[in-house]
Amino acid sequence: MSLEAEIYEAAGKEFNIGSPKQLGVVLFEDLKIDEKPKKTKSGQYSTNEETLQKYADHPIVGKLLDYRQISKLKSTYVDSLPDLVNKRDDRIHTTYMQAVAATGRLSSQNPNLQNIPIRTERGRAVRKAFIPTDGDHIILAADYSQIELRIMAELSGDKGMLDAFEAGEDIHAATAARVFGVKPEDVSREMRSKAKVVNFGIIYGISAFGLSQRIGVPRHEAAELIENYFEQYPDVKAYMDKSIDGAREKGYVDTVMQRRRYLPDINSKNGTVRGFAERNAINAPIQGSAADMIKMAMIQIGKAMDDAGLKSKMILQVHDELVFDAVKEELEPLKEMVEKLMRNAMPSLNVPIKVDMDTGENWLEAH
DNA sequence: CGTGTCACG
DNA sequence: ACGTACGTGACACGT
């Protein structure tokens, strides 16, 4: 039986599975899988993945999640990308926008090639379709390792975090050891996993509530983790406070290359509005400086490839990653050039920058 | 054209 | 008491 038919059977009727509105009615009024359903801002029933996961024991839920994943991949990638292949050169071309993202990142549209799937098995099948020109070429992917955390270490000058990077430590494990107060060798997978969420959260301007939601612990425990984090990395805390104070005084924050993000709401009397601006004040210099760095690298790499007369092409940028359609014979010099120029894109940093590279017969393999 | 959802870093 | 992690783009639905 088709997934679609199985869902209708479990629902007891046919309906448009692609309509969140209809699906909400089926789940919460017909099947009554919850007495107090979560609602969206506009008052509809929430049916997103996070919400559905809570009802994983109900037979319809797994089918719905499967259906959702498959229809997403089909409509956005499988059905759409073939229509965008250029007749002249048989390739897909994106348009990079340089003045859309408030932080200075590029964005990619028509089609967006910065959100090609990689996280699920079905999604990875899509990424496999991105292949080199021919048998004389190979895909080279080079990405910055933990670039935003390294930039946070740089901008804050936090000794503990800088030391961890200089020692080549696994930063999430090192953070886990610190915030949970255990020896590095006693860090469990779960501790590392939580510390990873905390590290990301810090960059985004975390709240105890947000952290507790994401790692599934009571809010007071989340608050304790954050407190421990700032005790362990005190200069990170000082840097975040300084970012917000600077924004209040100047009305903007800026990146290492002086790109500004104006934050008119930073002094708002509305706590929610002000909170957003404060998180932007923390995040924008970090995300934006990473964007500056890869742009500097791209300029230098483009020039160096040109000067060296290489025929390989730089074909994609995905925020912390560059992808090349590399002539196999040029691979070694190209790799050396890319690694060096990405690593040294911005001179005079204190934090070491790490670049991971790999090659493959398709974009997936190059990871 | 707004909403909800979900693909990526 | 309230809302609650940053940045994007594309798709389907429903008005």
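Source: prediction; values computed, not measured. A, B, ... follow the sequence lines: proteins, then strands. Residue 1 opens every chain.
- In this structure, A:Leu113 atom CG and C:dG9 atom P are separated by 13 Å, rounded to whole Å.
- Of the charged side-chain nitrogens involved, at least one lies within less than 4.0 Å of a carboxylate oxygen, so that A:Lys340 and A:Glu336 count as a salt-bridged pair.
- Dashed line: the shortest gap from a side-chain N or O of A:Arg119 to OP1 or OP2 of B:dC8 is under 4.0 Å.
- Using a 4.5 Å heavy-atom cutoff, the side chains of A:Lys237 and A:Ser156 are not in contact.
- Taking the centre and axis of the six-membered ring of A:Tyr252, the NZ or CZ atom of A:Lys250 falls inside the cone set by 45° and 6.0 Å.
- No contact: A:Ala208 has no heavy atom under 4.0 Å from any strand.
- A donor N or O paired with an acceptor N or O is found under 3.5 Å between the base of C:dT4 and the side-chain atoms of A:Arg219.
- Between A:Ile206 and A:Asn110, it is A:Ile206 whose nearest contact on DNA chain C lies nearer the 5' terminus.
- For A:Arg279 and C:dC6, the shortest distance from a side-chain N or O to OP1 or OP2 is below 4.0 Å.
- Using a 4.0 Å heavy-atom cutoff across all strands shown, A:Phe276 reaches sugar-phosphate atoms only and no base atom.
- A:Gln109 comes within 4.0 angstrom of the backbone, heavy atoms only, and of no base.
- Here the side chain of A:Asn280 is nearest to one of B:dG9, C:dT8, C:dC6, namely C:dC6.
- A salt bridge is defined here as a Lys NZ or Arg NE, NH1 or NH2 lying under 4.0 Å from an Asp or Glu carboxylate O, and A:Asp306 with A:Lys303 fails to meet this definition.
- In this model, the phosphate group of C:dA10 is not approached by any side-chain N or O of A:Ser80 to a distance below 4.0 Å at OP1 or OP2.
- Using the Watson-Crick or G-U wobble rule with both distances under 3.5 Å, C:dT4 pairs with nothing in any strand shown.
- Per the geometry, CG belonging to A:Asn48 stands 19 Å off P belonging to C:dA12, to the nearest Å.
- Phosphate proximity of C:dT4 to A:Lys41: present, with a side-chain N or O under 4.0 Å from OP1 or OP2.
- With rounding to whole Å, A:Leu263 atom CG is found 12 Å from C:dC6 atom C1'.
- Residue A:Arg68 is classed as a sugar-phosphate contact, given heavy-atom separations below 4.0 Å to backbone atoms only.
- If you take CD1 of A:Ile215 and C1' of C:dT4, they are 15 Å apart, rounded to a whole angstrom.
- Residue contacts for A:Gly18: at a heavy-atom cut-off of 4.0 Å it reaches the sugar-phosphate backbone alone, with no base atom in range.
- Separating the C1' atom of B:dC6 from that of C:dA1 is a span of 32 Å, rounded to the nearest Å.
- In this structure, the side chains of A:Lys295 and A:Arg259 come closer than 4.5 Å at one or more pairs of heavy atoms.
- Closest to the A:Ser42 side chain, of the nucleotides B:dC6, B:dG4, C:dC11, is B:dG4.
- Checking C:dA12, C:dG7, B:dT5 against every side-chain atom of A:Ala101, the shortest atom distance belongs to C:dG7.
- As rounded to whole Å, 8 Å separates atom P of B:dG9 from atom CH2 of A:Trp363.
- Nucleic acid contact for A:Thr272: sugar-phosphate only, since backbone atoms but no base atoms lie under 4.0 Å from a heavy atom of the residue.
- When heavy atoms are screened at a 4.0 angstrom cut-off, A:Ile203 is found touching no nucleic acid atom at all.
- Side-chain contact of A:Gln114 with A:Ser108: a donor-acceptor pair under 3.5 Å is absent, judged by distance alone.
- Between A:Lys21 and the phosphate of C:dT15, there is a side-chain N or O to OP1/OP2 separation shorter than 4.0 Å.
- Distances shorter than 4.0 Å separate some side-chain N or O of A:Arg261 from OP1 or OP2 on C:dG7.
- One finds a side-chain N or O of A:Ser19 lying less than 4.0 angstrom from the OP1 or OP2 phosphate oxygen of C:dG14.
- Side-chain atoms of A:Thr40 and A:Ser46 include no donor-acceptor pair closer than 3.5 Å.
- Here the nucleotide nearest the side chain of A:Lys72, chosen from C:dT4, C:dA10, B:dG4, is C:dA10.
- Separating the CD atom of A:Gln44 from the C1' atom of C:dA12 is a distance of 13 Å, rounded to the nearest angstrom.
- Contact check, A:Ser107 against C:dG9: a side-chain N or O comes under 4.0 Å of OP1 or OP2.
- Taking only side-chain atoms of A:Glu49, from C-beta outward, the nucleotide of C:dT8, B:dA7, B:dC8 with the closest atom is B:dA7.
- Between A:Thr103 and C:dG7 there is no side-chain N or O to OP1 or OP2 distance below 4.0 Å.
- Among the heavy atoms of the strands lying under 4.0 Å from A:Val197 is at least one base atom, whether or not backbone atoms are also near.
- Residue A:Ile116 is classed as a sugar-phosphate contact, given heavy-atom separations below 4.0 Å to backbone atoms only.
- We find that CD1 of A:Ile70 is positioned 19 Å from P of C:dC11, with the value rounded to whole Å.
- At C:dA12, none of the side-chain N or O atoms of A:Asn16 fall inside 4.0 Å of OP1 or OP2 (strictly under the cut-off).
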(request) Starting from the C-alpha separation in whole Å, work towards a yes-or-no answer on side chain to side chain donor-acceptor pair (under 3.5 Å) for A:Arg279 and A:Ser207. (result) CA-CA 10 Å; A:Arg279 292 194 294 276; A:Ser207 71; over 6 Å; no

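- Side chain of A:Pro20, nearest nucleotide from B:dT5, C:dA10, C:dC6: B:dT5.
- Proximity note for A:Gln22 (side chain, C-beta onward) versus B:dA7, C:dC11, C:dG14: the nearest is C:dG14.
- Atom CG of A:Asp356 is separated from atom P of B:dG9 by 14 Å (rounded to the nearest Å).
- A:Ile118 comes within 4.0 angstrom of the backbone, heavy atoms only, and of no base.
- The residues A:Asp79 and A:Lys74 are annotated as salt-bridged, a charged nitrogen and a carboxylate oxygen being separated by less than 4.0 angstrom.
- Here A:Asn115 does not reach the OP1 or OP2 of C:dG7: none of its side-chain N or O atoms lies under 4.0 Å away.
- In this structure, A:Ser46 reaches the sugar-phosphate backbone alone: every heavy-atom distance under 4.0 Å involves primed, P, OP1 or OP2 atoms, never a base.
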